[in-house]
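For reference, the structure is listed below as C-alpha cells.
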Amino acid sequence: MGLELVFQRAAATGTLCQWITIPFLDFPGAVRIMTEVEKTEQMLAEFCTHQNMLKGYIFSAIRDYHAAEDMLQEIAILITKKAATFDFDRPVAPWLTGVAKIHIRRWFQQSGRRPLHISFEMLDQCLTDHEGFEAAAMLQRESLLVACVESLPSKQRRIMRLRYAEGLNCERISQMTSRSVQSIYSTIKRLKKSLRECVNARQEKDGE
Amino acid sequence: MTMHDSDYAESLLNAYFIRDLSHDELDMLNAALAADAGLRQKYAQLMRDELLLHKVHETKRAAIRAVSFQKNSRSRRRVLALAASLAVLLSIGGVLFLRSRDGAGNAVAEPVAQVSDYFVIQGDAITAEKGGEKRALQLGAPLYMGDEVSLPKGSRLSFRYLADATTLQIRSDSRFKLLDTDGAKHIQLYQGSLMAAVDKQDPDKPMRVLTDESEIVVLGTEFVFMNDSIERLSVRSGCVQMNERNGAVDQTVFAGYYAERLDQNILPPRPFEEKMLHAQASRTLNAQALKNPATEKYIVIDPKRNLRGFVSFDLGGFSDEIIEATLRVRVIEFYNDTWGEGTLRVYQAGAELDPLPGSPMGSYAGKVGAGMNLEFKLDPKKLTQEINNLIIQLDRGGNDFWFSSNTGPFPPELELKFARKTTRGSGRP
C-alpha cells in the first residue's frame, strides 16, 4: 500500500469542516510517533468538532456575524500552521478559545468598538461544554428553523429579514417600517421566542 | 437570586443580541450567569439560535445575490480557507495537492496575487469575475490572470503580487482586470484610481497599466494613476513612461512630476507637490436639535433635524495651483448606528454658515459604513488661498451620518496636490 489521500466531508456541517485521512505505510518494528501530517490532521479534526462552539464564542463577544465568520477562518488557518508544535496531551478546546480571545481583543482594538460583552470567564462556562453545538444537532435545528421562518406572516418575515439578512439595527428598522423603536424591539424579541417554540415543537414531533 | 432578579437577568439575556447593554447591565448579567447554571444553559441555547437565525437568512440572501458559488453549493471563501490549510499540509507532507486539480483532474491556473487588505460596507462585496464565474474577495483571497475585479463605492482593496513585493491599492468605485501576459504584470484600468509601489521589474517585461487610450510602462517606482473624468499619472518615486496606446507619443515622467491626458493629448509633465491638512475646526451645526447632544468628537449630519457638518481648513500660504483636492472624513459608529445612506454635498459656507448658492464643490451618493473613509473629490477651482469653511449636508430622504470631528480619533483631512510653478519641460527634475 502506499500513501493515499482520502478526502471526505465531515458529517453535515456543509461549511468549513472537511476531513483529510491519510493512512500510513506500516512496517514491522516501527515506533508510532505522530508525524507533522498526522498532527495537522488531528488538529483539523478537533477544529471540526469544536467549530460551532468556537463560532458561537466569537459571535457572543463581537456580535457581528460576518466578522465572526471571517475570524473563524483566520483561526482555522492559524491553528493548522501551529498543529505541528501542539502538545496533544492538552485538551484542545480551551486552547482554541484562548486563540479566539486574542483575535477578539485585537478585533475590538482595530475596529474601535467598545468591548461590551459577556465576560470571557462566563463564555467559557456557558459554551465550552454545551452539547447543543454538535454538528448534526445544529443542522437539524437549522432545517426546522427554515420551515418555521417560512411559516411567519410576510410582515414579520420582513422584519426578521431586515434584522438578520440586511443587518439593520432596531432604530433603522423603525424608520423603514414607520414604527417606534420600542415596538420593533418587542416584536423581534417576541418573534425569536415564537420561532424557538416552533422549532422545539417540531423537534419533539419528529422525535415521536 | 430572587424571582425578580431572575426575570431581570433573563430580560437582559434576551436583550443581549438586540442592543448594547450598559456597563451596569453587563455586570448584573455576568453576576447572574455566575450564580445560575440554568441561566448559563439558557444563554447557550439563545446564542445557538441567534447564530442559526443569521445563517438561515444569510443563506437565503446569498442565493439571490449576484455573486455565484460553486456548483456543489459550498461557499468559495470557505473552500479557500480550507485550501490554505491544505497548502500547509502540502508543504509539510508532500501530499497530493488537491487544490491544483479540478474534479476532472485538469490543472487550474495558479494565483498571481493575493488580497492583503480590504474594506467593504456590510452588504456589499468586492468581486472578481473570470470565465463567467464571480466570487467575493476577502483577506488572503488569491487573484488570477484574467480576473476582472469590481469595487463598489466606499470600498478599497490592496493586493500584492506573489512573485515580488509589488503592491497595489485600488480605490472605491474602480474596475480593473489582470491581463494574461508572458510573465509581465499588465493591468487594464477601466475606471477609478490605483496607487502602486512597484518592485524592480525585468526590463524586458515591465509592468504596464492600460486604459483605452493610454499605457503606463513601469520598471520600478511608486505612482498614482487615475482614470476618471481625466487621466492623470503622478509619480512619487522612480520613473514611469506614459504612452499613447497607438504608440504615437510617449512621455517619461520622473518622481515629483505628473502627466495628464486632456482631450486626445498627453500634456508634458509638470512638477507637483502633495500636502495633507487636518481640519482646524469642525463641529455639528444646529447641535441643539439633538436630544442627546453629541460630544465634540462627532460630526452629525441629518436633514430631518437640520443637522449639518462644518469643517474648516486654512489654505493661506499656498500660492501654487491646486490640481486635486480630496476631503476625507471617517465614518464612525454612534451607539448602535453603524451606517448611513444618501447624497451628501459639500459647499463653501457663507457668513451665516449656510451653503453659498451655486453648485456644490463635491458630492457623494451611496451607502457608507463605520470604519470607512468617505472621500469627496472637490472642485479645486472653488478653494481659495485662505481659510476655507465647508458645509456638508445630506439631501432629504437620506439616513443620518456620523463622522469623526477634529477632536475625535480620525480628524477630517484635506489632501491637496499642487502644480509647482515652472516652465513646462520633459519632467526631469
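Since we're looking at a predicted model, the values are computed, not measured. In what follows, every chain begins at residue 1, and chains take the letters A, B, ... in the order their sequences are listed.
- No part of B/Ala37 comes within reach of chain A, as not one of its non-hydrogen atoms sits under 4.5 angstrom from that chain.
- No donor-acceptor pair closer than 3.5 Å links the side chain of A/Tyr164 to the backbone N or O of B/Leu52.
- Ranked by heavy-atom pairs under 4.5 Å with chain B, the list A/His117, A/Met122, A/Arg172 is led by A/Arg172.
- Within a 6.0 Å radius of NZ in A/Lys101, more than 12 heavy atoms belonging to other residues, nucleotides or ligands are found.
- Neither the backbone nor the side chain of A/Ile79 comes within less than 4.5 Å of any heavy atom in chain B.
- Atoms NZ and CG, from B/Lys55 and A/Leu145 in turn, are 11.0 Å apart once rounded to the nearest 0.5 Å.
- Nearest heavy-atom pair across B/Leu26 and A/Ile118 is CD2-N, 3.9 Å.
- For the residue pair A/Arg141 and B/Asp49, the shortest heavy atom distance occurs at NE-OD1, 2.8 Å.
- With rounding to the nearest 0.5 Å, the separation of CD1 in B/Ile332 from CZ in A/Arg113 is 12.5 Å.
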Take B/Arg40 and A/Leu127 through the test side chain to side chain contact (heavy atoms under 4.5 Å, CB included) and record every step on the way to the result. CA-CA 8 Å; B/Arg40 292 197 292 275; A/Leu127 303 181; over 6 Å; no
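- Of all heavy-atom pairs spanning A/Arg161 and B/His57, the tightest one is CA-CD2, 3.8 Å.
- In this structure, A/Lys189 NZ and B/Phe17 CZ are separated by 15.0 Å, a value rounded to the nearest 0.5 Å.
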Please determine whether side chain to side chain contact (heavy atoms under 4.5 Å, CB included) holds for the pair A/Gln125 and B/Leu33, giving the CA-CA distance in whole Å, both sets of side-chain angles, and the decisive distance to 0.1 Å. CA-CA 9 Å; A/Gln125 289 194 39; B/Leu33 286 167; over 6 Å; no
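- Within the model, atoms CZ of B/Arg48 and CE of A/Met53 stand 15.0 Å from one another, a figure rounded to the nearest 0.5 Å.
- Heavy atoms of other residues, nucleotides or ligands lying less than 6.0 angstrom from CD of B/Gln114 number more than 12.
- Among all heavy-atom pairs drawn from B/Leu53 and A/Lys192, the shortest one is CD1-CG, 3.9 Å.
- Contact annotation for B/Leu51: both backbone and side-chain heavy atoms come within less than 4.5 Å of a heavy atom of chain A.
- A donor-acceptor distance shorter than 3.5 angstrom exists from the side chain of B/Asn30 to the backbone of A/Ser119, with no hydrogens or angles considered.
- Of the atoms belonging to A/Lys193, not a single heavy atom falls under 4.5 Å from chain B.
- For A/Gln110, no part lies near chain B; criterion is any non-hydrogen pair under 4.5 Å.
- Using a cut-off of 4.0 Å between Lys/Arg side-chain N and Asp/Glu carboxylate O, A/Arg63 and B/Glu50 are scored as not salt-bridged.
- Side-chain contact, B/Tyr43 with A/Ser60: a donor N or O sits under 3.5 Å from an acceptor N or O.
- Across all their heavy atoms, B/Ala44 and A/Cys126 have their closest contact at CB-O, 3.7 Å.
- The number of heavy-atom neighbours closer than 6.0 Å to NZ of B/Lys304, taken from other residues, nucleotides and ligands shown, is above 12.
- The aromatic ring centres of B/His54 and A/Phe59 sit less than 6.0 Å apart.
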